[in-house]
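Okay, so here's the structure we're looking at.
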Protein chains: 2
Amino acid sequence: MYICLMYSKEIVKGTLKPIVLKLLKEHGRMYGYEITQNVKALTEGKIQITEGALYPLLHKLQAEGVLQTESEKMGKRVRKYYKLSQSGEAVADDLISEMLDFMQTLKSVLNPDYGQA
Amino acid sequence: MYICLMYSKEIVKGTLKPIVLKLLKEHGRMYGYEITQNVKALTEGKIQITEGALYPLLHKLQAEGVLQTESEKMGKRVRKYYKLSQSGEAVADDLISEMLDFMQTLKSVLNPDYGQA
DNA sequence: TACTATACATTGATTTCTTATGTATATTTG
DNA sequence: CAAATATACATAAGAAATCAATGTATAGTA
């Protein structure tokens, strides 16, 4: 089995959105930093989300109406929670399903012997 | 199960390189158009490679020494075959392994119940 | 004759992400 | 207690991958 500490950027590219939507679907609501830490823990450090990728995505999804935000004061800091909107739930379900389906197809291309077992 | 005729671009993004290297590894040598048709057939039309994505990638991989080319005259046309170089074989093996490993990880994030079964 | 398939290629625009930077508070450690 | 690390937000310049459109040319089919 292939071993690596962290996947190369080119491999991870394009998967940030489904990952974020899945986490929000599971957790109800999360803040940015929490998302980065959660993905890192879930994947044993193999996937590490950078802030420069995450925040623009969260803002974009919010602008599109997929996500809603709630700001809460934690002491002197303001923490910004994100959660799926009602329409966002459907967007998340669709994207996650499509991604899982696609991975099955891709697996069958990259590994024909076991892909459709 | 999720059904679709063709995956959205954002889903397929980032997977072209491993797909192309895998096909070349399997077939020995292929020309551009052959690659597009092969992927389409293999995936029942769900993944369709565009020429604007494929040719720049092939040229880049050739420039990097991953691929070698052989041009052959077919009647009046010149057909350009691509195949893995010796060092390209290792590049292909590594990338394909990493991609398969990554997909296992991603699956476990998107579908925790069945991902590590 | 016109349309579709084969087969190469480029180019401008878009999207996504990286790397670097900036600000500020909170906690831990030497 | 000072320094370093962790928490937590954010932006901005640039790189990279890809798309959509376009271009050229031959071959086959309706």
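Each chain gets a letter, A, B and so on, in the order its sequence line appears, and its residues count up from 1. Atoms considered below: every heavy atom in the structure, side chains included; atoms not considered: hydrogens, waters and symmetry mates.
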Margin query: Applying salt bridge (charged side-chain N to carboxylate O under 4.0 Å, His left out) as the test, list every pair that has at least one member in residues 33-44 of chain A; sequence neighbours left out.
Written below: none
Would you list the protein and nucleotides 1-3 of chain D atom pairs, both N or O, that sit under 3.5 Å from each other?
none

Next item on the list: Determine which pairs satisfy side-chain hydrogen bond (donor to acceptor under 3.5 Å, both in side chains) with at least one residue from residues 49-64 of chain B, sequence neighbours left out, and list them in order.
Entry: B/Gln62-B/Thr69
Checklist line | Where at least one partner belongs to residues 10-23 of chain B, residue pairs that pass side-chain hydrogen bond (donor to acceptor under 3.5 Å, both in side chains), sequence neighbours excluded | finding: A/Glu10-B/Lys17, A/Lys17-B/Glu10, B/Lys22-B/Glu26
Side-chain contact test, heavy atoms from C-beta onward, threshold under 4.5 Å: evaluate it for [X] versus [Y] and give yes or no.
| X | Y | value |
| --- | --- | --- |
| A/Val39 | B/Val109 | no |
| A/Lys80 | A/Leu58 | no |
| B/Val91 | B/Leu61 | no |
| B/Leu67 | B/Leu21 | yes |

Checklist line | Summary of protein contacts for nucleotides 15-21 of chain D, nucleotide by nucleotide, where a base hit scores B, a sugar-phosphate-only hit scores S (4.0 Å, heavy atoms) | finding: --SSBB-
Margin query: If the condition is side-chain hydrogen bond (donor to acceptor under 3.5 Å, both in side chains), which residues does A/Gln86 pass it with, not counting sequence neighbours?
Written below: none
Next item on the list: Could you pull out all residues at least two apart from B/Lys83 that satisfy side-chain hydrogen bond (donor to acceptor under 3.5 Å, both in side chains)?
Entry: B/Glu70
Using modelled atom types only, decide if a donor and an acceptor are shared between the side chain of [X] and the backbone of [Y] within a distance under 3.5 Å.
| X | Y | result |
| --- | --- | --- |
| B/Glu98 | A/Ile11 | no |
| B/Gln48 | B/Met6 | no |
| B/Ser85 | B/Gly65 | yes |

Next item on the list: Give the other cluster members for B/Tyr33, using side-chain heavy-atom distances under 4.5 Å between Ile, Leu, Val, Met, Phe, Trp and Tyr residues; answer none if it is isolated.
Entry: B/Tyr31, B/Tyr81
Notebook entry, point to check: When Ile, Leu, Val, Met, Phe, Trp and Tyr are grouped by side-chain heavy atoms lying under 4.5 Å apart, directly or through other members, which residues fall in the same group as B/Leu5?
Noted result: none
Item checked: Range on DNA chain C touched by chain B - first to last nucleotide, heavy-atom distance under 4.0 Å -> C/dA5 to C/dT10
Check: Taking DNA chain C as the partner, which of residues 24-45 of chain A come within under 4.0 angstrom of it by heavy atom?
Finding: none
Next item on the list: Please list residues of residues 69-81 of chain A whose heavy atoms come under 4.0 Å from any atom in DNA chain C, ordered by number; otherwise none.
Entry: A/Lys76, A/Arg77
Next item on the list: Say whether A/Tyr7 and A/Thr43, considering side chains only, have a donor N or O and an acceptor N or O under 3.5 Å apart.
Entry: no
Note to self: Under 4.0 Å from OP1 or OP2 of D/dC9: is there any side-chain N or O of A/His59 that close?
What the structure shows: no
